[in-house]
Amino acid sequence: MKDRKLLFFDIDGTLLSEKTHTVPQSAKEALKKAKENGHLVFINTGRPISTIDQEIHDLNPDGYICGCGTYITYHDQVIYHHQLSKERCKEIASLIKKYEIDAVLESKDHVYFNENIKNPFVREIKERYTNNGFNVSSSTDPNLSFDKFTIWFDHDISEFRKNILKDFDIIERSEEMLEIVPKGHSKATGIQTVADDFKSDLDHCYVFGDSFNDESMLRYVKHSIVMANGVQAMKDIAYFVTKDIEDDGIAYALEKLELI
């Protein structure tokens, strides 16, 4: 279908309000209309598929790019999955313990946490994931296996950084939080994999985001849409800055860009 576009949406701060932890009704209706118009809707997130809210699944997207491009599905079929070796997973878990770092180790089936979490925000994440019924395990699990991870720290971790730089890319989310992804993987590589699969030109791809971990995909395609509630650095590189998520920003963008 020559007019079909591929639409890629970040979750937190883009589709899912960080104030209400829900998807605005206007966004639900807009995505439904976009699909009715023949466009394909993909979730493109740093999260693993194992921690995606039911609110997002209820949108019935055509597919998911999860874990910053490490796990990709289309209509429940896995079209790409990059896993770390079990040996490397165990090495990283040991280093996290050695350097007293708090971490969320993320896979398609489970999320793993340290035994003793210092950071209150990470404790909240674990509690929320547990309450949501996600598969939460300990990083000491003998079957530990993950695709990417996120860490929090309040001290110098230069030795830890040196160890992971050989096979991981680091997304600096803040001064105390890093998102760590296997080299050669990003939200942008996920888009390229999907575009190749559908033999689609990148000019037919539209991406929606708000934060630094969206930068790779926002720079990768011409039609990059950033929420008004997003960080200024991302708005500076956007093709189009839409309204705030709380102010029907998704619906507004899809209408203005004549996708619905």
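Source: prediction; values computed, not measured.
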With no hydrogens and no angle check, just 3.5 Å: does a side-chain donor-acceptor pair link [X] and [Y]?
| X | Y | value |
| --- | --- | --- |
| S139 | E115 | no |
| Q83 | Y71 | no |
| S107 | D147 | no |
| E159 | N163 | no |

Has [X] got a side-chain atom pairing as donor or acceptor with [Y]'s backbone, closer than 3.5 angstrom?
| X | Y | result |
| --- | --- | --- |
| N114 | N116 | no |
| N135 | S50 | no |
| E179 | I171 | no |
| H82 | P182 | no |
| D156 | S158 | yes |
| D244 | A228 | no |
| S224 | Y239 | yes |
| S211 | D214 | no |
| D102 | W152 | no |
| T51 | R47 | no |

Note, [X] side chain near [Y] side chain (heavy atom, < 4.5 Å):
| X | Y | result |
| --- | --- | --- |
| L15 | I245 | no |
| K256 | T242 | no |
| K108 | H81 | yes |
| V226 | L218 | yes |
| V111 | P48 | yes |
| R88 | F168 | yes |
| I250 | L31 | yes |
| E246 | P24 | no |

Would you say [atom1] of [X] has more than 12 non-hydrogen atoms from neighbouring residues, nucleotides or ligands within 6.0 angstrom?
| X | atom1 | answer |
| --- | --- | --- |
| D236 | CG | yes |
| K183 | NZ | yes |
| K235 | NZ | yes |
| K35 | NZ | yes |
| Q54 | CD | yes |
| D76 | CG | no |
| E127 | CD | no |
| E100 | CD | no |

Apply side chain to side chain contact (heavy atoms under 4.5 Å, CB included) to M227 and K243, showing your working. CA-CA 6 Å; M227 311 302 289; K243 294 181 178 180; over 6 Å; no
Looking at Y206, does the NZ or CZ of K5 lie under 6.0 angstrom from its six-membered ring centre and within 45 degrees of the ring axis?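 Judged by the rule (NZ or CZ under 6.0 Å from the ring centre, within 45° of its axis), K5 is not positioned above Y206.
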Is any side-chain N of the basic residue among [X] and [Y] closer than 4.0 Å to the acidic one's carboxylate O?
| X | Y | value |
| --- | --- | --- |
| E91 | K97 | no |
| E124 | R128 | no |
| K222 | D203 | no |

Checking Y129 against F113 for the side chain to side chain contact (heavy atoms under 4.5 Å, CB included) test, could you report, in this order, the C-alpha distance in whole Å, the side-chain angles of both residues, the deciding distance, and whether it holds? CA-CA 11 Å; Y129 284 2; F113 290 84; 3.9 Å; yes
Can you give me the closest heavy-atom contact between [X] and [Y], atom names plus distance?
| X | Y | value |
| --- | --- | --- |
| S145 | C89 | CA-SG, 3.9 Å |
| R173 | N213 | NH1-ND2, 3.4 Å |
| A30 | A251 | CB-CA, 3.7 Å |
| T189 | G69 | OG1-CA, 4.4 Å |

Check the orientation of Y112 and H110. Use parallel for under 30°, tilted for 30 to 60°, and perpendicular for over 60°.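 Geometry flag for H110 against Y112: parallel rings.
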Can you classify the ring geometry of F8 versus F42 as parallel (below 30°), tilted (30 to 60°) or perpendicular (above 60°)?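 The arrangement is parallel - the two ring planes meet at less than 30°.
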First locate atom [atom1] of [X], then atom [atom2] of [Y], and finally report the distance between them rounded to the nearest 0.5 Å.
| X | Y | atom1 | atom2 | value |
| --- | --- | --- | --- | --- |
| D248 | Q25 | CG | CD | 10.0 Å |
| L202 | I191 | CG | CD1 | 8.0 Å |
| D154 | K118 | CG | NZ | 6.5 Å |
| T70 | I65 | OG1 | CD1 | 10.5 Å |
| E106 | C66 | CD | SG | 10.5 Å |
| I101 | I157 | CD1 | CD1 | 4.5 Å |

Starting from the C-alpha separation in whole Å, work towards a yes-or-no answer on salt bridge (charged side-chain N to carboxylate O under 4.0 Å, His left out) for K33 and E29. CA-CA 6 Å; K33 277 187 204 167; E29 290 166 8; 5.9 Å; no
Stepwise, does the side chain to side chain contact (heavy atoms under 4.5 Å, CB included) test hold for D167 with L84? CA-CA 10 Å; D167 52 348; L84 301 173; 5.8 Å; no
Check whether the ring centres of Y80 and H185 lie less than 6.0 Å apart, and answer yes or no.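 They qualify: ring centres under 6.0 Å apart.
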What about F198 and Y74, are their ring centers closer than 6.0 Å?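 Ring-ring flag for F198/Y74: true, centres closer than 6.0 Å.
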I would like to know whether H57 and I52 meet side chain to side chain contact (heavy atoms under 4.5 Å, CB included); could you show each step before the answer? CA-CA 7 Å; H57 291 309; I52 290 183; 3.8 Å; yes
Test side-chain hydrogen bond (donor to acceptor under 3.5 Å, both in side chains) applied to K187 and T45, N44, D10, the passing residue: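 So the option named by the test is D10.
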Only one of D210, I225, N229 passes side-chain contact (heavy atoms from CB on, under 4.5 Å) with T14; say which it is.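 Single pass found, and it is D210.
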